[in-house]
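This report refers to the structure that appears directly beneath it.
Only a predicted model underlies this, so the values are computations on that prediction, with no experimental measurement involved. Every number for a ligand or one of its atoms is a count from 1 in the order of the listing.
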Amino acid sequence: MCGIVGYIGKKEAWPVLIKGLERLEYRGYDSAGIALLREGAFSVYKKKGRVSELSKLVKNKNENELSGGVGIAHTRWATHGVPSDVNAHPHLSNGGDIVIVHNGIIENYLSIKKILISKGYKFKSDTDTEVLANLIEDVKNNAKVNIEEAVRLALTEVVGAYAIIVLSKDEPDTMVVAKVGSPAVIGVGKNEFFVASDATPIVEHTKKVIYLEDGEIATIKRNPKNKKLILKIKTIDNKVKNLYVHTLKTKINELEKGGFPHFMLKEIFDQPESLRNTIRGRIVLEKGNVKFGGLEKFKDELKRLNRLTIVGMGTARFTGLIGEYAFEELARIPTKVEYGSEFTYRDIAEPSHTGLIAISQSGETADTLNSIKKAKKEKMLTFGIVNVIGSSIAREVDAGIYNHVGPETAVASTKASSSQVLLQIMLAIYLGRMRGLSKAKGQEILKEIEKLPALVEIILKNAKQIEKIAKKYKNSDNFFFLGRKYNAGTAMEGALKLKECSYIHAEGCNSTELKHGPISLIEKSFPSLVIAPKDSLYEKNKSSIEEIKARGGPVIALTTFGNKELENIADDVIYIPETLEILTPILAFVPMQLLAYYISVERGNDVDKPRNLAKSVTVE
Ligand code: M6R
């Protein structure tokens with residue numbers, strides 16, 4: 001899982017490429033590199049570490065060494081070979097003719113490598129990508145074809161997932177891009193083209209983009225007569241494809257931090273707006289119903305569904321655990337939640353009339369994507385709840401609902417997760433209204449949903465109080481997050497948020513489970529955050545708080561404004577506004593995100609890019 005960028009045109013390539021890598025750094029950040037094609041030779045610069053390290057290296061070079069309008073670049077999250085300068089991309093072929101950047105995994109690289117070694121090829125790195133560079137060179141030399149055809153023929157021998165950008169020093173006015181299973185977007189400028197793993201590096205240059213489909217190869221080539229760059233797309237099996245140019249709606253200021261010190265904090269504070277955008281145009285209050293454009297033509301199939309399976313990974317799956325309650329309660333559809341990765345590799349007992357709901361912010365999570373492919377083989381109807389428009393999952397599912405929360409850049413999911421919960425509740429109303437959920441009940445929930453953005457604003461106004469609590473608990477080694485019913489999933493999400501950003505060990509647990517084992521861990525240095533809104537299980541949650549306090553454990557209680565009694569029991573109390581029980585997770589998410597954020601900042605961590613993680617996990 002990595003980010004790739006390419007540029008061909010009239011600008012100096014290197015600043016465009018470095019800026020593009022900065023935008024894609026969320027995809028991986030253990031090493032980075034850039035290759036520039038100038039005067040028939042490649043200059044390749046690579047550096048272990050963040051893009052900023054590469055940027056320093058490049059900026060120290062003589063301007064002459066950098067000038068030129070063609071280049072490719074890469075930010076890496078290691079899959080084959082440790083993070084190092086040598087394993088960083090771009091990779092050159094042995095003869096120095098080919099240079100390549102790659103996001104994905106070549107599954108059969110070892111067998112190809114063996115053949116290439118037997119032909120005398122030598123390898124400097126441990127990567128599958130260097131094998132691909134040499135395979136393309138080998139094909140090009142033996143078949144005596146141009147770079148476009150060499151890439152095409154080489155890819156017929158490759159098994160795996162990839163988005164690649166390839167240059168050949170013999171054809172300095174040509175760039176080849178290909179994709180199977182990993183994303184690639186091409187930005188169409190005025191006699192210039194941009195290539196990237198997603199549109200974020202492109203949007204400041206052009207709004208016109210082409211999403212490459214699996215099995216497609218795009219070649220951008222300069223016409224020697226009029227010097228115009230021409231883009232053509234064909235498939236790996238050599239069929240010419242039409243170009244479909246989309247217009248991006250993303251604004252450049254949506255990609256910046258907007259004055260906040262970190263993307264994570266900005267994205268937490270984006271939530272009133274992002275929830276508004278999730279709701280916008282979808283509530284039909286007079287009918288007590290919801291409208292989803294992407295589901296319209298599947299109404300009949302939706303009526304026939306009698307089971308649902310929700311798949312997702314990490315936060316997305318935890319939001320599914322909340323959604324499960326909503327689908328059963330409002331739509332009366334038996335629902336279960338699975339890891340995408342598990343669903344992919346097991347027998348499905350009853351696929352007929354079961355709908356698969358795949359939840360993913362990035363729309364690129366391989367485990368989730370693969371589960372959709374499996375479900376389609378089983379003839380299940382597949383839906384996506386996806387944020388990134390045009391992403392692989394968005395295109396793979398039969399029908400989809402977009403979150404519309406804008407780009408989420410911090411590795412920790414915040415505004416996407418609250419939107420994922422909200423969309424599931426709205427979808428449950430939609431499916432429920434087909435199955436006997438009353439108009440009045442639909443209206444009651446929808447009215448409360450409309451208030452959510454304002455309620456989140458109230459919570460955000462109290463961020464300072466949560467910062468204070470964070471300072472108090474910042475040195476903890478362990479943490480419990482506890483909750484019940486809708487908020488059992490919320491507790492798991494709270495624990496994930498804290499552990500991934502702060503590196504504090506945190507466990508999310510249904511509070512009812514506490515007395516069946518976990519409570520033995522409680523002692524005075526083991527705090528618990530207990531989600532205890534004034535709802536149907538409030539008394540039970542209060543008992544859990546009392547049990548923990550009786551054993552000397554510190555408690556942060558999260559409850560509803562006006563409920564003062566927990567101030568006498570818990571060590572600290574965080575308040576959320578009153579709402580319907582089913583909607584409390586959306587509000588409870590926000591203080592937990594703030595707590596994770598402030599504790600992580602206190603501990604001096606790189607909150608936007610926690611160690612060992614990447615924003616989208618495009619490998620299994
Ligand atoms: O892009 P996705 O929503 O499919 O990503 C799934 C998980 O990798 C993601 O939610 C991850 O757990 C986040 N780092 C959590 O904050």
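- Here salt bridge (charged side-chain N to carboxylate O under 4.0 Å, His left out) pairs that include residues 481-491, with residues two or more places apart or in two chains, are Lys485-Glu581.
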Are there any protein N or O atoms under 3.5 Å from the N or O atoms of ligand 1? List them with distances, or say none.
{"unit_1": "ligand 1", "atom_1": "1 (O)", "unit_2": "Ser362", "atom_2": "N", "d": "2.8"}
{"unit_1": "ligand 1", "atom_1": "1 (O)", "unit_2": "Ser362", "atom_2": "OG", "d": "2.6"}
{"unit_1": "ligand 1", "atom_1": "1 (O)", "unit_2": "Thr365", "atom_2": "OG1", "d": "3.4"}
{"unit_1": "ligand 1", "atom_1": "3 (O)", "unit_2": "Gln361", "atom_2": "N", "d": "2.6"}
{"unit_1": "ligand 1", "atom_1": "4 (O)", "unit_2": "Ser360", "atom_2": "OG", "d": "2.6"}
{"unit_1": "ligand 1", "atom_1": "4 (O)", "unit_2": "Thr365", "atom_2": "OG1", "d": "2.4"}
{"unit_1": "ligand 1", "atom_1": "5 (O)", "unit_2": "Thr365", "atom_2": "OG1", "d": "3.4"}
{"unit_1": "ligand 1", "atom_1": "10 (O)", "unit_2": "Thr315", "atom_2": "N", "d": "3.2"}
{"unit_1": "ligand 1", "atom_1": "12 (O)", "unit_2": "Thr315", "atom_2": "N", "d": "3.3"}
{"unit_1": "ligand 1", "atom_1": "14 (N)", "unit_2": "Val411", "atom_2": "O", "d": "3.2"}
{"unit_1": "ligand 1", "atom_1": "14 (N)", "unit_2": "Glu500", "atom_2": "OE1", "d": "2.8"}
{"unit_1": "ligand 1", "atom_1": "16 (O)", "unit_2": "Thr315", "atom_2": "OG1", "d": "3.4"}
{"unit_1": "ligand 1", "atom_1": "16 (O)", "unit_2": "Ser413", "atom_2": "N", "d": "2.8"}
{"unit_1": "ligand 1", "atom_1": "16 (O)", "unit_2": "Lys497", "atom_2": "NZ", "d": "2.9"}
{"unit_1": "ligand 1", "atom_1": "16 (O)", "unit_2": "Glu500", "atom_2": "OE1", "d": "3.4"}
{"unit_1": "ligand 1", "atom_1": "16 (O)", "unit_2": "Glu500", "atom_2": "OE2", "d": "2.4"}

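- Of all the heavy atoms in Glu324 and Thr335, the pair that sits closest is OE2-O, 3.3 Å.
- Taking the six-membered ring for Trp and thresholds of 30 and 60 degrees, His505 and Phe526 have ring planes more than 60 degrees apart, a perpendicular arrangement.
- Taking the six-membered ring for Trp and thresholds of 30 and 60 degrees, His74 and His89 have nearly parallel ring planes, at less than 30 degrees apart.
- Sequence neighbours left out, not one pair with a member in residues 381-400 passes ring pair (Phe, Tyr, Trp, His ring centres under 6.0 Å).
- By the side-chain hydrogen bond (donor to acceptor under 3.5 Å, both in side chains) test, Ser55 pairs with Lys59, sequence neighbours left out.
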